Amino acid sequence: MQAGFARRPLGSMEDGPPRRPVMQRALSVSRTTDNRLTFPDWYQAIVREADMAEVSPTRGAMIIKPWGYGVWERIQQTLDRRIKETGHDNCYFPLFIPLSFFAKEAEHVEGFAKEMAVVTHHRLKMVDGKLGPDPEARLEEPLIVRPTSETIIGDAFSRWIKSHRDLPVLINQWANVVRWEMRTRLFLRTSEFLWQEGHTAHATADEGREETLKMLEVYREFSETVLAMPVVAGEKPENERFPGADKTYSIEAMMQDGKALQAGTSHDLGTHFAKAQNIRFQNDAGELVYCHTTSWGVSTRLIGGVIMTHGDDDGLRLPPAIAPRQIVIVPMLRGKPEDEAVLAFGAGLIKALNPLVALGEPVRALLDTKDQKSSEKRWNWVRRGAPLIVELGPRDVAAGMVSFMRRDDLRDGEKVRSQALSQEDFLAAVPGLLAEIQQNLFNEAKQRLDANIRRDITSLDELNAYFGAAAENDEDTLAFKGWVRVAWSRPTGAELEAVEQTLKARKLTIRNAPMDQPTRFGTCIFTGRPGVEEVLIGRSY
RNA sequence: CGGAGUGUGGCUCAGUCUGGUAGAGCACCGCGUUCGGGACGCGGGGGUCGCAGGUUCAAAUCCUGCCACUCCGACCA
């Protein structure tokens with residue numbers, strides 16, 4: 001029987017990439033992890049069918065829909081608390097930055113110059129029937145739509161900081177930024193995106209480094225406990241550093257197609273920006289010295305990471321900690337007198353759920369009274385990934401029972417798994433259930449991450465054999481590939497560039513050097529010299 | 001910016017080769033029958049076929065140019 005929603009007709013795929021039939025799954029496209037070509041299709045389907053976002057008429061920018069934005073708000077709330085707990089205060093800087101500000105730090109400009117949106121006029125005018133910038137309203141100095149705020153915040157720092165007593169300065173802002181990327185993908189890389197950027201200034205190099213690592217750890221903990229997304233925290237190699245940074249650290253997550261997603265970065269900027277922008281203070285010995293600054297950020301890209309970490313062929317699965325609604329009650333209404341009792345029972349259930357606390361916060365529950373077919377509503381919530389979906393029918397109500405399904409464990413084979421508890425037992429079980437779902441999603445992803453980092457590769461040949469040529473769409477290239485952890489001698493300069501090129505030929509990059517390092521190292525697979533640390537290599541977003 | 005592909009109602013697509021004046025399934029609206037659950041029947045609304053120009057009695061279909069999107073590459077905290 002044709003299901004109640006559009007499916008991709010299987011007969012039309014002769015020319016397209018091979019796809020597995022997705023019988024009786026709620027999503028229209030399967031993620032089929034052993035074929036990388038289907039993964040982007042699946043990703044787009046889930047973004048659309050889970051009501052997360054859609055492409056906007058503005059090139060490369062997205063419209064974040066209420067369900068997707070609700071997830072972002074959860075991310076904001078939970079991360080903001082952590083940022084404040086570590087001593088930072090929020091503030092806000094302008095969207096526009098004078099062009100000249102970027103000229104001050106050479107590496108920084110070079111890194112961002114190719115992707116800047118520039119405001120050159122302040123007025124429109126009709127010319128020959130066409131609306132365009134008024135030539136007479138040209139700005140004396142063009143304004144840059146911020147791609148990041150180091151320059152304008154550094155400028156403020158230079159005025160705010162005079163004495164060692166002013167330090168440290170620990171601030172953060174939640175903002176939108178614009179980077180004119182060539183190719184965009186919803187949530188993962190859009191020309192405008194939302195993020196949080198922390199900026200700090202310190203008296204010493206040690207304090208700067210300590211701050212950088214502290215925030216890296218905040219990101220790791222946040223990602224793993226709130227997003228249920230396991231990551232590897234580590235230091236980026238020299239060639240992957242933030243433009244103008246002494247050191248860049250990242251957390252890297254493994255998506256279900258094996259590719260790495262850089263989920264957050266923390267930069268030790270040393271005195272680069274301080275020197276470029278004259279951020280100085282008098283120390284207690286009366287000397288005028290430069291500050292050590294840091295910056296760190298995570299963005300709406302995290303939502304893409306959550307989708308690609310937890311999504312399945314029935315749609316999104318949201319960790320309860322970031323689900324805008326953790327429990328959705330779908331009343332099975334039939335236009336009959338008993339509907340009233342069902343709705344009343346549902347309303348009572350909401351009332352009983354609201355005071356409950358799960359994962360340290362009040363439970364977020366919804367009674368979906370929308371005038372829509374019950375079955376339709378159920379599948380929509382499955383696709384959106386609500387952690388617990390309650391189906392409430394007249395018989396449940398009469399018996400005082402609650403039947404529900406867990407989104408993290410939706411099916412028993414092809415069948416949807418549903419369980420029933422008395423109202424009392426259900427209410428008692430909810431906090432534990434939500435915590436369990438949160439943990440389950442993490443465990444599942446953690447297992448996948450750990451199982452797909454190879455540590456047995458000891459030569460370039462073995463590395464190449466594992467990842468394949470990457471150039472063609474041959475089976476080897478399409479197959480799922482995780483990451484490889486190898487020893488290396490941390491080459492620099494031309495030698496590092498050669499390594500980069502070698503890897504690039506196979507679409508590989510060094511993701512980072514994990515924080516947890518052994519005490520002895522094998523031989524560097526690139527230089528043949530003794531290794532000094534281990535790095536992760538993989539394909540990435 | 002280079003290579004390949006695609007643009008037809010909200011979604012997935014057929015129709016384009018062989019011009020004749022727009023279709024299907026799902027979604028949507030109405031009525032009825034169903035219903036512990038992704039139901040069915042009947043009726044209905046919605047598209048200037050990506051945009052602009054050209055050829056023609058006639059263009060979704062042929063020609064030219066442009067634009068957008070997808071994938072690959074380049075690029076990318």
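Small disclaimer: the values here were computed from a predicted structure and weren't measured.
Separation of atoms CD1 (A/Ile510) and CD (A/Glu235) is listed at 11.5 Å; rounding is to 0.5 Å. Note that the NE2 atom of A/His199 and the NE2 atom of A/His88 stand 11.0 Å from one another [nearest 0.5 Å]. The distance from atom OH of A/Tyr249 to atom NZ of A/Lys236, rounded to the nearest 0.5 Å, is 13.5 Å.
Residues A/Arg383 and A/Asp314 are not paired through a salt bridge, judged by the lack of any N-O separation under 4.0 Å between the basic side chain and the carboxylate. A salt bridge between A/Asp51 and A/Arg384 is present, with a side-chain N of the basic residue lying under 4.0 Å from a carboxylate O of the acidic one. A salt bridge is defined here as a Lys NZ or Arg NE, NH1 or NH2 lying under 4.0 Å from an Asp or Glu carboxylate O, and A/Arg220 with A/Glu224 meets this definition.
Phosphate proximity of B/A39 to A/Lys373: present, with a side-chain N or O under 4.0 Å from OP1 or OP2. Here A/Lys507 does not reach the OP1 or OP2 of B/C72: none of its side-chain N or O atoms lies under 4.0 Å away.
When both pairing distances are held under 3.5 Å, B/G20 makes a Watson-Crick or G-U pair with B/C57. Base pairing of B/G46: no nucleotide in any strand meets the Watson-Crick or G-U wobble criterion (both distances under 3.5 Å). With both pairing distances under 3.5 Å, B/G65 is matched to B/C51 as a Watson-Crick or G-U wobble pair. Across all strands shown, the partner of B/G73 is B/C1, judged by Watson-Crick or G-U wobble contacts whose two distances both fall under 3.5 Å. With a cut-off of 3.5 Å on both pairing distances, B/C35 has no Watson-Crick or G-U wobble partner at all. Remark: B/G25 base-pairs with B/C11. Criterion, Watson-Crick or G-U wobble with two distances under 3.5 Å.
Checking side-chain atoms of A/Asn512 against main-chain N and O of A/Val232 turns up a donor-acceptor pair under 3.5 Å. In terms of modelled atom types and a separation under 3.5 Å, the side chain of A/Lys481 and the main chain of A/Tyr466 share a donor-acceptor contact.
Atom name C1', nucleotides B/A14 and B/C66: the rounded distance is 27 Å, in whole Å. Straight-line distance between the C1' atoms of B/G23 and B/U61: roughly 15 Å, to the nearest whole Å. The gap from the C1' atom of B/G54 to that of B/G73 amounts to 35 Å, rounded to the nearest Å. Going from the C1' atom of B/G46 to that of B/C28 covers 9 Å, rounded to whole Å. When the C1' atom is compared between B/C67 and B/A24, the two are found 29 Å apart, to the nearest whole Å. Atom C1' of B/C51 sits at a distance of 14 Å from the matching atom of B/A60, rounded to the whole Å. Annotation: B/A52 and B/A59 have their P atoms spaced 14 Å apart (nearest Å). B/U48 and B/G19 have their P atoms separated by 25 Å, with the value rounded to a whole Å.
Rounded to an integer number of Å, the gap from A/Lys377 NZ to B/C35 C1' is 15 Å. Atom C1' of nucleotide B/C76 and atom CZ of A/Arg511 are separated by 11 Å, given to the nearest angstrom. Atom-to-atom, CZ of A/Arg185 to P of B/G73 comes out at 11 Å; the value is rounded to the nearest Å. Taking atom CH2 of residue A/Trp379 and atom C1' of nucleotide B/C26, one finds them 16 Å apart after rounding to whole Å. For A/Lys65 and B/G10, the NZ to P distance is 13 Å, given to the nearest whole Å. Note: CE (A/Met332) to P (B/U34) measures 18 Å, nearest angstrom. As a whole-Å value, the separation of A/Gln44 CD from B/U12 P is 10 Å. The distance from atom CH2 of A/Trp42 to atom C1' of B/C11 is 19 Å, rounded to the nearest whole Å.
Here A/Lys247 lies out of heavy-atom contact (under 4.0 Å) with every strand. Across all strands, A/Pro331 comes closer than 4.0 Å to no nucleic acid atom at all (heavy-atom distances). Within the 4.0 angstrom heavy-atom criterion, no nucleotide atom of any strand lies near A/Ser295. Backbone-only engagement by A/Arg48 is indicated by non-hydrogen atom pairs under 4.0 Å involving sugar-phosphate atoms exclusively. Across all strands, A/Trp296 comes closer than 4.0 Å to no nucleic acid atom at all (heavy-atom distances). When heavy atoms are screened at a 4.0 angstrom cut-off, A/Ser403 is found touching base atoms of the nucleic acid.
Nearest-nucleotide mapping onto RNA chain B: of A/Glu115 and A/Leu392, the residue sitting toward the 5' end is A/Leu392. Take the nearest nucleotide of RNA chain B for A/Val55 and for A/Gly393: the residue whose nucleotide is more 5' is A/Gly393.
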Please test A/Trp488 against A/Glu533 for side chain to side chain donor-acceptor pair (under 3.5 Å), starting from the C-alpha separation and ending with a verdict. CA-CA 6 Å; A/Trp488 86 326; A/Glu533 66 183 352; 3.2 Å; yes

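Listed candidates were B/C76, B/C71, B/C35. Nearest to the side chain of A/Pro40 is B/C71. Here B/A74 is the nucleotide among B/C76, B/G37, B/A74 with the atom lying nearest to any side-chain atom of A/Lys504. Comparing atom distances between the A/Lys336 side chain and each of B/C76, B/C35, B/G37 picks out B/C35 as nearest.
Proximity of the aromatic rings of A/Trp381 and A/Trp67 is defined here by a centroid distance below 6.0 angstrom, and this criterion is met.
Only at 4.0 angstrom or more do the heavy atoms of residues 229-240 of chain A sit from any atom of RNA chain B, so none qualifies.
Between the side chain of A/Arg334 and the base of B/C35, no donor-acceptor pair of N or O atoms lies under 3.5 Å.
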